[in-house]
Amino acid sequence: MAQRKNKKYSKDPQWNSEEGNLRIYLRGRPVSLYAPSDLSDYSVDKEVTTPDQKLQLEYVFGYRGRDCRSNLYYLNGEVIYFCAGVVVLHNPEEQTQRHYLGHTDDVKCLAIHPDKVRVATGQVAGHDRKDSKKKKEESDKKPHVRIWHSTSLNTLHVIGIGDFDRSVCCLSFSKQDGGAKLCVVDESNEHELFVYDVEKGRKLANTKGSQDPVLAVEFHPSEPNSIIDVGKGHIQFWTLESGKLTKKSGVFDGGTPSSNTGPTKAAEGSYYMYTKVSNIASGSRAVLTTESASLTASSFCLSFQYHMKGLPGTLKVFAGDKTSSLTSIWEKSGVQPNPDQWKNVTIEIPQFNNPVISIEGTRGNSFRGDIAIDDLILKTPSRCCRKWYVIISTS
């Protein structure tokens with residue numbers, strides 16, 4: 001009885017002469033391989049010579065899009081995506097494929113370096129990593145990130161072995177500093193966020209993220225140390241400074257977290273922006289600016305709604321030229337009349353050769369000092385700011 005049980009549940013290769021197939025186990029999964037029709041007998045114990053020829057992957061049919069995002073890119077005439085443990089570089093004109101085969105298990109995410117040459121891909125944990133007797137094989141089967149060359153298909157760096165849990169769900173290169181950093185989110189219970197130095201492979205910082213699923217993570221396009229991640233019911237803004245990641249949470253609708261300050265809902269629609277002043281020092285600033293944009297040399301009309309309730313600090317609007325310091329052209333401080341209501345403001349911006357417009361919120365002396373803005377509109381020319389009166393005759 002014991003022998004039958006061991007044979008039935010054994011993971012050693014098993015030949016079934018009646019069905020003509022050989023059952024083997026790959027990463028714990030049973031796979032049936034059917035023998036050629038002219039093979040009448042086969043023994044798994046017989047020693048045979050290894051064939052001179054080897055199989056080579058020619059074409060992949062399939063695409064993984066069910067449980068991952070940012071999984072399809074167009075790069076230098078090829079479409080890049082992944083299926084199982086293979087990254088496919090598909091040429092749609094010639095209908096040919098190249099394949100990156102460096103991963104040891106299923107690939108879950110993909111990112112393109114700003115140089116349009118390097119690619120980063122993250123994988124899940126291997127199924128049989130605990131059964132491996134070789135230390136190198138065991139480490140290779142842990143979730144990790146591989147950075148590789150899209151032309152030569154050579155692996156350049158292997159990052160994060162031993163850092164991640166379950167799998168790597170999303171990742172992104174920094175933009176402003178030429179892709180010097182890589183941010184990664186794993187699929188642990190806390191969806192931990194990691195930041196790495198790309199060239200050195202060194203971990204710069206890590207912190208717990210969200211208990212809800214994270215769908216995407218990106219570096220800010222113009223701020224090298226700012227990271228945004230989004231997912232189920234959340235958007236989070238991270239700042240990397242002195243080896244630490246600090247977080248500010250976005251608000252979708254409703255009031256701000258602190259009591260007796262901030263609006264209870266958006267002025268228009270479901271979203272607004274606000275400065276969350278809890279746990280930060282007095283005088284800290286939050287700035288919304290057009291500095292990274294290329295505005296035309298023109299006058300502008302800026303309009304928005306603002307909300308200042310509780311013990312807020314100061315809300316200012318600055319304007320000027322990129323080549324010189326900006327000038328304050330509008331300002332509000334402290335609690336405003338009818339503090340529960342949103343206020344409208346329209347500001348005429350004079351013409352500059354290289355215009356920059358910034359809205360700046362400064363924390364006051366209390367944690368009950370959230371400042372919110374909404375319904376922001378920037379128009380040109382400035383005459384949209386002028387008041388027009390229409391007199392309707394009743395005679």
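Being a predicted model, the structure only gives us computed values, none of them experimental. Reckoned from all heavy atoms, side chains included, excluding hydrogens, waters and symmetry mates. For this chain, numbers begin at 1 and follow the sequence in order.
Using the six-membered ring where Trp is involved, His144 and His103 have ring planes that are parallel, under 30° apart on the 30 and 60° scheme.
For Ser282, the side chain to side chain contact (heavy atoms under 4.5 Å, CB included) criterion is met by Arg363, Asn365, not counting sequence neighbours. Residues forming a side chain to side chain contact (heavy atoms under 4.5 Å, CB included) with Arg368 (at least two apart in sequence, or on another chain): Ser259, Asn260, Thr261, Ser366. Legend: residues meeting side-chain hydrogen bond (donor to acceptor under 3.5 Å, both in side chains) with Asn154, ordered by chain and number and at least two apart, are Ser152. By the side chain to side chain contact (heavy atoms under 4.5 Å, CB included) test, Glu94 pairs with Asn91, Thr96, sequence neighbours left out. Evaluation of the side chain to side chain contact (heavy atoms under 4.5 Å, CB included) rule for Ser324 yields Asp321 as partners, not counting sequence neighbours.
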- Message: Working note: Leu22 + Ile24, criterion side chain to side chain contact (heavy atoms under 4.5 Å, CB included); need CA distance, chi angles, decisive distance, verdict.
- Response: CA-CA 6 Å; Leu22 176 69; Ile24 64 173; 4.0 Å; yes
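Residue pairs meeting the ring pair (Phe, Tyr, Trp, His ring centres under 6.0 Å) criterion with at least one partner in residues 149-176, sequence neighbours excluded, are His113-Phe173, Phe164-Phe194.
Within a 6.0 Å radius of CD in Glu241, no more than 12 heavy atoms belonging to other residues, nucleotides or ligands are found. In the displayed structure, Arg166 atom CZ is contacted under 6.0 Å by more than 12 heavy atoms of other residues, nucleotides or ligands.
A salt bridge between Asp340 and Lys309 is present, with a side-chain N of the basic residue lying under 4.0 Å from a carboxylate O of the acidic one.
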Donor-acceptor pairs under 3.5 angstrom involving side-chain atoms of residues 209-229: please list them, not counting sequence neighbours.
unit_1, atom_1, unit_2, atom_2, d
Ser210, OG, Asp212, N, 3.0
Gln211, NE2, Glu190, OE2, 3.4
Glu218, OE1, Ser172, OG, 3.0
Glu218, OE1, Lys175, NZ, 2.6
His220, ND1, Ser222, N, 3.1
His220, ND1, Ser222, OG, 3.2
His220, ND1, Glu223, N, 3.3
Glu223, OE1, Ser226, OG, 2.8
Asp229, OD1, His234, NE2, 3.0
Asp229, OD1, Gln236, NE2, 3.4
Asp229, OD2, Gln236, NE2, 3.0
Asp229, OD2, Trp238, NE1, 2.6

Listed pairs under 3.5 Å, donor-acceptor, residues 53-63 side chains, sequence neighbours left out:
unit_1, atom_1, unit_2, atom_2, d
Tyr63, OH, Asn71, OD1, 2.5
Tyr63, OH, Asn71, ND2, 3.3

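In the hydrophobic clustering (ILVMFWY side chains linked at under 4.5 Å, chained through shared members), Leu326 is joined by Phe318, Val356. Cluster partners of Tyr34: none. The rule joins Ile, Leu, Val, Met, Phe, Trp and Tyr whenever side-chain heavy atoms lie under 4.5 Å apart, and it links nothing here. Grouped with Leu75 in one hydrophobic cluster are Tyr73, Ile80, Phe82, Val87, Leu89, Tyr100, Val107, Leu110, Ile112, Val119, Trp148, Leu153, the linkage being side-chain heavy-atom contacts under 4.5 Å among Ile, Leu, Val, Met, Phe, Trp and Tyr residues. The hydrophobic cluster containing Phe367, built from Ile/Leu/Val/Met/Phe/Trp/Tyr side-chain heavy atoms closer than 4.5 Å, comprises no other residue.
Inspection of the Asp45 and Ser43 side chains reveals no N or O donor paired with an N or O acceptor under 3.5 Å.
For the pair His191/Lys208, no side-chain contact is recorded, criterion being any heavy-atom separation below 4.5 Å from C-beta on. The shortest side-chain heavy-atom distance between Lys181 and Leu240 falls under the 4.5 Å cut-off. The shortest side-chain heavy-atom distance between Leu302 and Leu376 falls under the 4.5 Å cut-off. Contact annotation: the side chain of Asn206 never approaches that of Asp163 to less than 4.5 Å [non-hydrogen atoms, C-beta and beyond]. No side-chain heavy atom of Asn76 sits less than 4.5 Å from a side-chain heavy atom of Thr151.
Partner Glu78 forms a side-chain hydrogen bond (donor to acceptor under 3.5 Å, both in side chains) with one of Gln97, Arg98, His90 and no other, that one being Arg98.
Atoms CG and CH2, from Leu33 and Trp15 in turn, are 10.0 Å apart once rounded to the nearest 0.5 Å. Rounded to the nearest 0.5 Å, atoms NZ (Lys343) and CG (Leu315) are 12.0 Å apart. Between the OG atom of Ser358 and the NZ atom of Lys316 there is a distance of 12.5 Å, given to the nearest 0.5 Å.
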